[in-house]
There are 2 protein chains.
Amino acid sequence: MTTTTQLTNVLKTLADPTRRAVFERIAREGEVAATWLVQGSKVSQPAVSQHLRALRDAGLVAERREGRHIHYRVAPKGLGPLIDWLGHYQTFWQERFENLEKLLKGSE
Amino acid sequence: MTTTTQLTNVLKTLADPTRRAVFERIAREGEVAATWLVQGSKVSQPAVSQHLRALRDAGLVAERREGRHIHYRVAPKGLGPLIDWLGHYQTFWQERFENLEKLLKGSE
DNA sequence: CATTCATATAAGCTGTTGCTTATATATTTT
DNA sequence: AAAATATATAAGCAACAGCTTATATGAATG
């Protein structure tokens, strides 16, 4: 089950554009070292580090240490609270949902 | 098309638990007058008013004036930016998505 | 083991957010 | 039009969020 607090956390965490951009890069690139995320970010290394902590605390990313690098990847369950919550509003976005469904079915 | 700003707005707006509770009540009850939302809220009338403004600005609710009451209802397109964005992460929540799909198909 | 590289933490500053009380604006009722 | 009801706005405040610079930790390398 998903708690209100978890949902709030996920929403707050994704609401910041800089942090969301970090998340999106991780999602796109599969597994990324923090250094690489700092490169190509507008903000400083500590800022990125803080965002990564927030993403991890929200359950949105997981980390794997390899030597002195830490690789981040998206945590599959992280978006769960958001998905679940949206489930309650099916009726309101049914049309868009159907588009999404097509996408998922791989009908190009 | 959905802009980053719109998505940020929707996320920020829903991230506050009090405001999200207001949104959820509107969703559940269909069409609600602001007064009614104030009744049964922990916060003051101005606070509710401010939350309603935020929800409207984010495109999440629409209003209809009737006499001196203003009735709020969920705006169908409001969650669009969020749905669209999640579409990019299909692969990460495919399992949950399938549950959702069942729900939508009305298979109880 | 001293240095370099990768990441995290600390401290402080600034802007934003959500709330309050007080007051203003609309609309209806008497 | 005066009073009552419904909502919005203004102003101020306390808490928080995100950034910075400076420094600490942790791991690899010479």
Side-chain angles (χ1 to χ4, degrees), chain A residues 4-26 29-75, chain B residues 4-26 29-75:
Chain A
T4 297
T5 307
Q6 285 175 320
L7 175 59
T8 299
N9 234 305
V10 169
L11 287 167
K12 267 199 202 162
T13 303
L14 294 173
D16 181 70
T18 309
R19 186 161 48 230
R20 197 171 61 245
V22 171
F23 176 79
E24 286 171 353
R25 268 192 78 189
I26 297 174
E29 307 192 15
E31 238 201 3
V32 210
T35 309
W36 188 244
L37 292 168
V38 171
Q39 291 302 102
S41 170
K42 302 285 181 189
V43 296
S44 66
Q45 177 268 318
V48 173
S49 181
Q50 285 156 20
H51 284 312
L52 288 171
R53 189 192 215 293
L55 288 167
R56 181 165 46 73
D57 288 352
L60 287 163
V61 301
E63 44 183 68
R64 181 178 63 87
R65 176 138 225 160
E66 189 176 302
R68 47 188 171 190
H69 295 261
I70 298 185
H71 296 269
Y72 286 87
R73 62 184 182 280
V74 166
Chain B
T4 297
T5 308
Q6 286 175 319
L7 175 58
T8 299
N9 234 305
V10 169
L11 287 167
K12 267 197 202 162
T13 303
L14 293 173
D16 180 71
T18 310
R19 186 161 48 231
R20 197 172 62 245
V22 172
F23 176 79
E24 286 172 353
R25 267 192 77 189
I26 297 174
E29 307 192 14
E31 237 201 5
V32 210
T35 308
W36 189 243
L37 292 168
V38 172
Q39 292 303 102
S41 171
K42 302 285 181 189
V43 296
S44 67
Q45 177 269 316
V48 173
S49 181
Q50 285 157 20
H51 284 311
L52 288 171
R53 189 193 214 293
L55 288 167
R56 180 165 47 73
D57 289 352
L60 287 164
V61 301
E63 46 182 67
R64 180 179 63 87
R65 176 140 226 159
E66 189 176 302
R68 48 187 170 188
H69 295 261
I70 298 185
H71 296 269
Y72 286 87
R73 62 183 182 282
V74 166

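In what follows, chains carry the letters A, B, and so on, assigned in the order in which the sequence lines appear, proteins first and then strands, with residues in each chain numbered from 1.
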Whole-Å distance separating the [atom1] atom of [X] from the [atom2] atom of [N]:
| X | N | atom1 | atom2 | value |
| --- | --- | --- | --- | --- |
| A/Glu63 | C/dA6 | CD | C1' | 13 Å |
| B/Ile70 | D/dT5 | CD1 | C1' | 13 Å |
| A/His69 | C/dT4 | NE2 | P | 17 Å |
| B/His71 | D/dT5 | NE2 | P | 17 Å |
| A/Leu52 | D/dG18 | CG | C1' | 14 Å |
| A/Arg53 | D/dA17 | CZ | C1' | 14 Å |
| B/Arg64 | D/dA6 | CZ | C1' | 15 Å |

**Asked** Counting only N and O atoms by type, is there a donor-acceptor contact under 3.5 Å from the side chain of A/Arg64 to the main-chain atoms of A/Arg73?
**Response** no
Pairing residues for [X] by the side chain to side chain contact (heavy atoms under 4.5 Å, CB included) criterion, not counting sequence neighbours:
| X | answer |
| --- | --- |
| A/Thr8 | A/Thr4, A/Lys12, B/Pro17, B/Arg20 |
| A/Val43 | A/Thr18, A/Ser41, A/Ala47, A/Val48 |
| B/Gln50 | B/Pro46 |

All N/O pairs under 3.5 Å across the protein-nucleotides 16-26 of chain C interface:
{"residue": "C/dG18", "atom": "OP1", "partner": "B/Arg19", "partner atom": "NH2", "Å": "3.2"}
{"residue": "C/dG18", "atom": "OP2", "partner": "B/Arg19", "partner atom": "NH1", "Å": "3.2"}
{"residue": "C/dG18", "atom": "OP2", "partner": "B/Arg19", "partner atom": "NH2", "Å": "3.3"}
{"residue": "C/dC19", "atom": "OP1", "partner": "B/Thr18", "partner atom": "OG1", "Å": "3.1"}
{"residue": "C/dC19", "atom": "OP2", "partner": "B/His51", "partner atom": "NE2", "Å": "2.2"}
{"residue": "C/dT20", "atom": "OP2", "partner": "B/Ser44", "partner atom": "N", "Å": "3.0"}
{"residue": "C/dT20", "atom": "OP2", "partner": "B/Ser44", "partner atom": "OG", "Å": "2.8"}
{"residue": "C/dT20", "atom": "O4", "partner": "B/Gln50", "partner atom": "NE2", "Å": "3.2"}

Got a list of side-chain donor-acceptor pairs under 3.5 Å for residues 53-62 of chain B, not counting sequence neighbours?
{"residue": "B/Arg53", "atom": "NH1", "partner": "B/Asp57", "partner atom": "OD2", "Å": "3.0"}
{"residue": "B/Arg56", "atom": "NE", "partner": "B/Glu63", "partner atom": "OE1", "Å": "2.7"}

For B/Gln39, the side chain to side chain donor-acceptor pair (under 3.5 Å) test, sequence neighbours excluded, returns none
